[in-house]
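Data block below; observations after.
Along the sequence shown, the residues carry numbers beginning at 1. Whatever order the structure lists ligands and atoms in, that order sets their numbers, starting from 1. Quick note: numbers below take in every heavy atom, side chains included, and nothing from hydrogens, waters or symmetry partners.
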Amino acid sequence: MQRILLKLSGEALAGPRKTGFDEETVRKVALQVKALAEDGMQIGIVIGGGNFWRGRTSENIDRTKADQIGMLATVMNCIYVSEIFRSVGLETSILTPFECGSFTKLFSKDRAIRYFAQGQVVFFAGGTGHPYFSTDTGVVLRAIEVEADVILLAKSIDGVYDDDPNENPAAKKYDEVTLDELIARNLQVVDMTASILARDNKVPMWVFGLNEENSIVNALKGSFRGTKVLV
Ligand code: UDP
């Protein structure tokens, strides 16, 4: 594993508060990413927007506009997390698929690869830049474009189950599952658009709990306890 993309949900940034930012939570992520970067790993970050807004949040405004708000929420999240990363000594850049003035730089594959080579953590903000998509699809798309080895999905749940473990105590956690099985069984790891894009382009995804101590580092160096979604 040399180049990885880490996907964090918006809610993960909010910690127990569910909305906005929880600095302690983000700082723990920053320190783990720093440990991996110091080990020579190239790390890209994609963050959702659910701690502020989702396209589905309002039924009364046009969906395209609602989704634009959602994409901007992901940009705010990336600016925040990028600054916390910098406060622990990492170098970062934020790339977006649309112009945000001087706040971010426009995404291109070449630019991303150049920043990775310089040792920067690269944030892919703004999702795909299009409405009716999600940051799940965004992370798979960027993983394909920048030729990442794996996507790490750090979630509030510690892996992929055959049923909702909150409702069915007998739900079984998979150690491994293929993307074909994921799609056939409609297992809700990422949305269907993202699952199909990952399958068609052979992108593996490792799912694990963000709340477990040091889980991001552990996922890559030894004691992985989540689910590997294989191609
Ligand atoms: N969004 C979008 N296009 C993208 C990525 C995100 O329109 O390529 C919008 C969409 O409104 C989404 C919100 O940004 O609800 C936040 O993204 P996230 O992936 O967290 O959304 P979720 O899957 O939780 O709705």
Side-chain angles (χ1 to χ4, degrees), residues 5-22 25-26 29 44-82 84 94-100 103-109 112 122-146 148 151-157 160 164 166 179 182-183 186-201 203 205-211 229:
L5 292 199
L6 172 65
K7 162 83 199 289
L8 304 166
S9 69
E11 293 95 328
L13 305 186
R17 306 195 330 219
K18 306 272 182 233
T19 181
F21 304 120
D22 182 59
T25 303
V26 180
V29 173
I45 309 281
V46 172
I47 308 175
N51 54 328
F52 285 122
W53 180 269
R54 294 195 166 93
R56 306 180 295 280
T57 299
S58 168
E59 288 175 3
N60 298 318
I61 66 168
D62 179 79
R63 175 67 190 267
T64 297
K65 303 298 162 67
D67 281 342
Q68 289 172 354
I69 300 171
M71 286 183 265
L72 288 172
T74 73
V75 178
M76 291 198 292
N77 281 342
C78 284
I79 295 173
Y80 178 84
V81 176
S82 165
I84 302 290
I94 307 174
L95 301 179
T96 44
F98 42 77
E99 291 280 5
C100 288
F103 294 5
T104 66
K105 293 211 172 67
L106 209 50
F107 168 79
S108 78
K109 173 175 179 170
V122 184
F123 287 79
F124 299 104
T128 63
H130 298 285
Y132 298 97
F133 287 101
S134 65
T135 52
D136 284 347
T137 307
V139 72
V140 176
L141 182 63
R142 294 297 181 242
I144 297 163
E145 287 177 284
V146 304
I151 294 173
L152 299 186
L153 292 172
K155 288 184 164 276
S156 53
I157 187 166
V160 182
D164 184 348
N166 295 320
L179 276 159
L182 201 76
I183 292 163
N186 197 18
L187 300 171
Q188 310 279 332
V189 178
V190 289
D191 56 52
M192 195 52 85
T193 311
S195 299
I196 291 172
L197 192 64
R199 183 195 59 189
D200 291 353
N201 294 280
V203 183
M205 297 185 283
W206 294 1
V207 184
F208 58 93
L210 181 66
N211 296 330
V229 182

Nearest non-hydrogen protein atom, [atom]:
atom: atom 18 (P) of ligand 1; answer: Thr135 OG1, 3.4 Å
atom: atom 5 (C) of ligand 1; answer: Ser134 C, 3.3 Å
atom: atom 20 (O) of ligand 1; answer: Gly49 N, 2.8 Å
atom: atom 3 (N) of ligand 1; answer: His130 O, 2.7 Å
atom: atom 24 (O) of ligand 1; answer: Arg54 NE, 2.6 Å
atom: atom 15 (O) of ligand 1; answer: Gly55 N, 2.9 Å
atom: atom 13 (C) of ligand 1; answer: Gly70 CA, 3.6 Å

Before signing off on this row, confirm whether [X] and ligand 1 have an N or O atom pair separated by under 3.5 Å.
X: Gly127; value: no
X: Thr128; value: yes
X: Gly48; value: no
X: Asp136; value: no
X: Asp67; value: yes

At what distance, to the nearest 0.5 angstrom, does [atom1] of [X] lie from [atom2] of [Y]?
X: Leu95; Y: Thr104; atom1: CG; atom2: OG1; result: 7.5 Å
X: Leu8; Y: Lys155; atom1: CG; atom2: NZ; result: 11.0 Å
X: Arg63; Y: Asp67; atom1: CZ; atom2: CG; result: 4.0 Å
X: Ile69; Y: Met76; atom1: CD1; atom2: CE; result: 10.0 Å

Determine yes or no for a side-chain-to-main-chain donor-acceptor pair under 3.5 angstrom, with Ser134 supplying the side chain and Thr137 the backbone.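 The answer is yes, because a donor-acceptor pair under 3.5 Å joins these two groups.
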
Ring geometry between Tyr80 and Phe21 (parallel below 30°, tilted from 30 to 60°, perpendicular above 60°):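 Rings of Phe21 and Tyr80: parallel, under 30°.
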
contact_flag [X] ligand 1 heavy-atom lt 4.0 Å:
X: Gly138; value: no
X: Ala73; value: no
X: Gln68; value: no

Atoms in ligand 1 with a heavy atom of Pro131 nearer than 4.0 Å: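 It comes down to these atoms of ligand 1: 7 (O).
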
Ligand-residue contact atoms, ligand 1 with Gly50, heavy atoms, under 4.0 Å: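 Those of ligand 1 that fall under 4.0 Å from Gly50 are 20 (O).
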
Pick one: which of Leu152, Val140, Leu153, Val190 meets side chain to side chain contact (heavy atoms under 4.5 Å, CB included) with Lys7?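 Of the listed residues Leu152, Val140, Leu153, Val190, the side chain to side chain contact (heavy atoms under 4.5 Å, CB included) partner of Lys7 is Leu153.
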
Residue from Leu5, Ile151, Leu141 passing side chain to side chain contact (heavy atoms under 4.5 Å, CB included) with Val203: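 Testing each of Leu5, Ile151, Leu141 against Val203, the sole residue satisfying side chain to side chain contact (heavy atoms under 4.5 Å, CB included) is Ile151.
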
Closest to atom 1 (N) of ligand 1 (judged by heavy-atom distance), picking from Phe52, Tyr132, Phe133: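 Closest candidate by heavy-atom distance is Phe133.
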
Among Arg56, Glu11, Arg63, which one puts a heavy atom closest to atom 25 (O) of ligand 1?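 Selected option, by shortest heavy-atom distance: Arg56.
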
Show, in sequence, the C-alpha distance, side-chain angles and deciding distance for Phe123 and Thr74, and conclude whether the side chain to side chain contact (heavy atoms under 4.5 Å, CB included) test is met. CA-CA 10 Å; Phe123 287 79; Thr74 73; over 6 Å; no

So, for Val146 and Ala112, which heavy atoms are closest and what is the spacing to 0.1 Å?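 Of all heavy-atom pairs spanning Val146 and Ala112, the closest is CG1-CB, 3.9 Å.
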
For Leu210 versus Ala154, what's the shortest heavy-atom pair and its separation?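 In this case the closest contact between Leu210 and Ala154 is CD1-CB, 3.8 Å.
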
